[in-house]
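Shown next, in structure tokens, is the structure this report addresses.
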Amino acid sequence: MSDSREYAVGTHPDLPPPLSTSGAIGWIRGNLLSSPTNIILTVLSIYFLYKVVPPSLNWLFFDATFNGDSRQDCREASNGAGACWAFVKHRFHLFVYGFYPVEQRWRVDISFILLPLALWPVLFDKVPYRKHLLKFSIAFPFIAGWLLIGGFGLTPVSTDYFGGFMLTLVIGVTGIVFSLPIGVALALGRQSNMPVLRVICVTFIEFIRGVPLITLLFVASTMLNYFLPPGTQFNLLLRVLIMVTLFSAAYIAEVVRGGLQAIPKGQYEAADSMGLKYWQSMQKIILPQALKISIPGIVNTFIGLYKDTTLVIIIGLLDPLGIGRASLADTKWTGLTTEIYVFVAIFFFLSCFSMARYSLYLENKLHTGHKR
Amino acid sequence: MSEAQTSKMAVSDETVIKIHKMHKWYGSFHVLKDINLDVKRGERIVVCGPSGSGKSTMIRCINRLEEHQQGDIIVDGVELTNDLKNIDAIRREVGMVFQHFNLFPHLTILENLSLAPIWVKREPRKQAEETAMRYLERVKIPEQALKYPGQLSGGQQQRVAIARSLCMNPRIMLFDEPTSALDPEMIKEVLDVMIELAEEGRTMICVTHEMGFAKTVANRVIFMDGGEIIEQNEPNEFFDNPQHERTQLFLSQILAH
């Protein structure tokens, strides 16, 4: 529908856009059928989805067996057409708690419940009683450490029994929480005009980045003993935590350095000319902007760290992947590799996808209409 | 505001900025050569000259955004040395307005204005915000207080930048080509604010190409070329009767069109 009316010069009103370019039909026409190539791509995609989605859903849910005591039960129930989730169900506690003593598992449960409560005020602004909850967030690492390791009235549990998702979360969350401040400090140190500090930071970053994480984990599990006084008891999990944290801190440092370099020189000059001291201008002016630009890179590093926790299998810690592989040795359930790996994959995908979505949410929230 | 009125305004005998035999190099490039300049309290100085002549560098040396390598700069009785205490003391007394505004894009206008008073002068937040609103009213955009810099026009942003400097109540204001990045229709709104400031008798050094502004408010116009101060005079003399041939050439070029 076109409005062909004439208006006097300077009095033309704002008109709505033509109907053919708005609404559902307009969207389909514009985005799916706009050109021959586009039409071909649309058709191919629909065909692909038709071929992939229904069989996947059948395998995952409709033909799957959820109850049973052995692989034989699954075969009988569904002729082997669907997944045998009974296996995963049977092993679920192992996946969640590792070898944590059964009668003490409530401590892990409480930690799992408290974790989101501690993260909530950190991740979001509009949280009731945020100031008080933040105090809890700061205390949480100590509370969780006490709950999981024990002592002070609780039965001590050796970290050798840690495993499964609990181990992934312990390593992942600790690594993420500590590597961010260390990484930011390293990035600032690398930009410092004090040569000694700069050289220390550059050497550290380049050394850590230049060595595979597996090597560092080996160093953590064996070599550190040579450097420490003989007889020192230095917990293996703690060593892994330190190594994973330092490793991702080096990456964070480089991501943040990129962000710092993107801040126009004028921002530093404006802060300086107003008399702000170095730490004030970093805290109030430079870092909020640099970190905002670095969010995608930082979250990318975090996701990498989180998935790299599976590497601890190499030095004998049993994360979900390790539990899964150990479970495969069970003769009652032989040959269910796919189920195990799909299950572990879903767990990691859900965690990492939430991080990615949070990153997008944060970018939108911090967008204040400036392009710089 | 007529010329007669401005020139009547009192300039005290007290020297607030003293630059003595100051030199600066960028690597081996000699950007500032033997700069000598005394600025009296209440004086309004316009610095002009072709690009690359060292005008911006000179005023940026006054609050240590650039470091000079030889000679002395004394601001309000404090000598500018590597001593951070002196630098901080001087920066508290010297406000600066930049060509590209340099507002903090992640903070609202009100936060931009109250940041330095809160963190440098340790004012209570409420008081700092009241001062900020007062200065926003003076630059005629109080209604923008809760917006972000990215949502404002260039002229509005520059007025906010001026208000931001004023919130620290500096004795000296430095302007580094404040209108060069603006559209013609926005230049006037910024110049009007600057003229008002000049009327208050605040010490101002302004690097600008706005010769009309120089004629209206300046007590003294300084012409720089090749890193040297070539000529300085009160505006009427400077424009009507330039002494040095480089000044004459410069003026003929900028006034030709």
Side-chain angles (χ1 to χ4, degrees), chain A residues 124-126 131 184 187-188 191-197 256 258-298 359-372, chain B residues 56 59-60 62-67 84-109 111-122 146-152 157 160-161 164-170 172-176 181:
Chain A
F124 300 98
D125 277 345
K126 287 167 188 146
K131 272 193 180 154
V184 170
L188 291 177
Q191 301 251 306
S192 161
N193 46 22
M194 287 180 262
V196 177
L197 183 60
V256 173
L260 286 171
Q261 281 173 346
I263 305 300
K265 210 167 141 244
Q267 295 287 308
Y268 292 89
E269 290 178 350
D272 283 349
S273 74
M274 287 159 64
L276 290 172
K277 297 203 181 358
Y278 174 81
W279 285 111
Q280 289 175 331
S281 63
M282 284 301 141
Q283 187 197 341
K284 300 284 165 194
I285 311 296
I286 306 299
L287 281 178
Q289 297 183 60
L291 290 178
K292 198 211 116 185
I293 304 173
S294 316
I295 289 171
I298 291 176
S359 141
L360 277 181
Y361 156 81
L362 205 57
E363 278 174 63
N364 284 330
K365 192 186 80 177
L366 297 177
H367 183 74
T368 55
H370 58 277
K371 291 188 194 80
R372 285 197 291 188
Chain B
S56 291
I59 69 162
R60 285 157 62 88
I62 295 173
N63 66 350
R64 229 342 130 93
L65 289 183
E66 304 280 355
E67 195 177 337
L84 284 177
K85 236 183 233 163
N86 288 6
I87 296 176
D88 282 343
I90 288 172
R91 283 176 176 166
R92 270 197 294 273
E93 294 302 328
V94 179
M96 186 154 198
V97 175
F98 299 87
Q99 182 177 0
H100 295 289
F101 331 134
N102 297 352
L103 295 177
F104 306 130
H106 61 302
L107 301 177
T108 62
I109 303 304
E111 288 167 335
N112 263 280
L113 267 68
S114 56
L115 185 92
I118 291 173
W119 293 99
V120 179
K121 282 188 157 179
R122 301 278 161 199
L146 297 179
K147 288 194 184 163
Y148 286 96
Q151 298 166 299
L152 269 55
Q157 289 194 44
V160 170
R164 181 174 70 175
S165 290
L166 291 175
C167 280
M168 287 294 281
N169 198 16
I172 301 156
M173 288 283 286
L174 305 175
F175 293 85
D176 189 1

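Within every chain, numbering begins at 1; the chains are lettered A, B, ... in the order of the sequence lines, protein sequences first and strands thereafter.
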query: Could you state the interatomic distance from CD (A/Q267) to NE2 (B/H106), rounded to the nearest 0.5 Å?
result: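 Result: 7.5 Å between the selected atoms.
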- prompt: Measuring from B/W119:CH2 to A/I285:CD1, what's the distance to the nearest 0.5 Å?
  reply: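 Rounded to the nearest 0.5 Å, the CH2-CD1 separation comes out at 11.0 Å.
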task: May I ask you to name which of B/D88, B/V97, B/N63 has the most heavy-atom pairs under 4.5 Å with chain A?
output: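 Top option by heavy-atom pairs under 4.5 Å: B/D88.
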query: Taking all non-hydrogen atoms of both residues, which atom of B/L115 and which atom of A/K284 are closest, and how far apart?
result: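 For B/L115 and A/K284, the tightest heavy-atom pair comes out as CD1-CB, 3.9 Å.
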field: Over all atoms of both residues, closest heavy-atom pair of B/F98 and A/A270
entry: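 Taking B/F98 first and A/A270 second, the nearest heavy atoms are CE1-CA, 3.8 Å.
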query: If you check every heavy atom in residues 271-281 of chain A against those of chain B, which residues fall under 4.5 Å?
result: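 The stretch touches chain B at A/A271, A/D272, A/S273, A/M274, A/G275, A/L276, A/K277, A/Q280.
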query: A/E269 and side chain to side chain contact (heavy atoms under 4.5 Å, CB included): which partner among B/M96, B/H100, B/R60?
result: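 It is B/R60, the one option of B/M96, B/H100, B/R60 that forms the side chain to side chain contact (heavy atoms under 4.5 Å, CB included) with A/E269.
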- prompt: Considering only heavy atoms, which portion of B/R164 lies under 4.5 Å from any heavy atom of chain A: side chain, backbone, both, or neither?
  reply: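 B/R164 touches chain A through side-chain heavy atoms alone.
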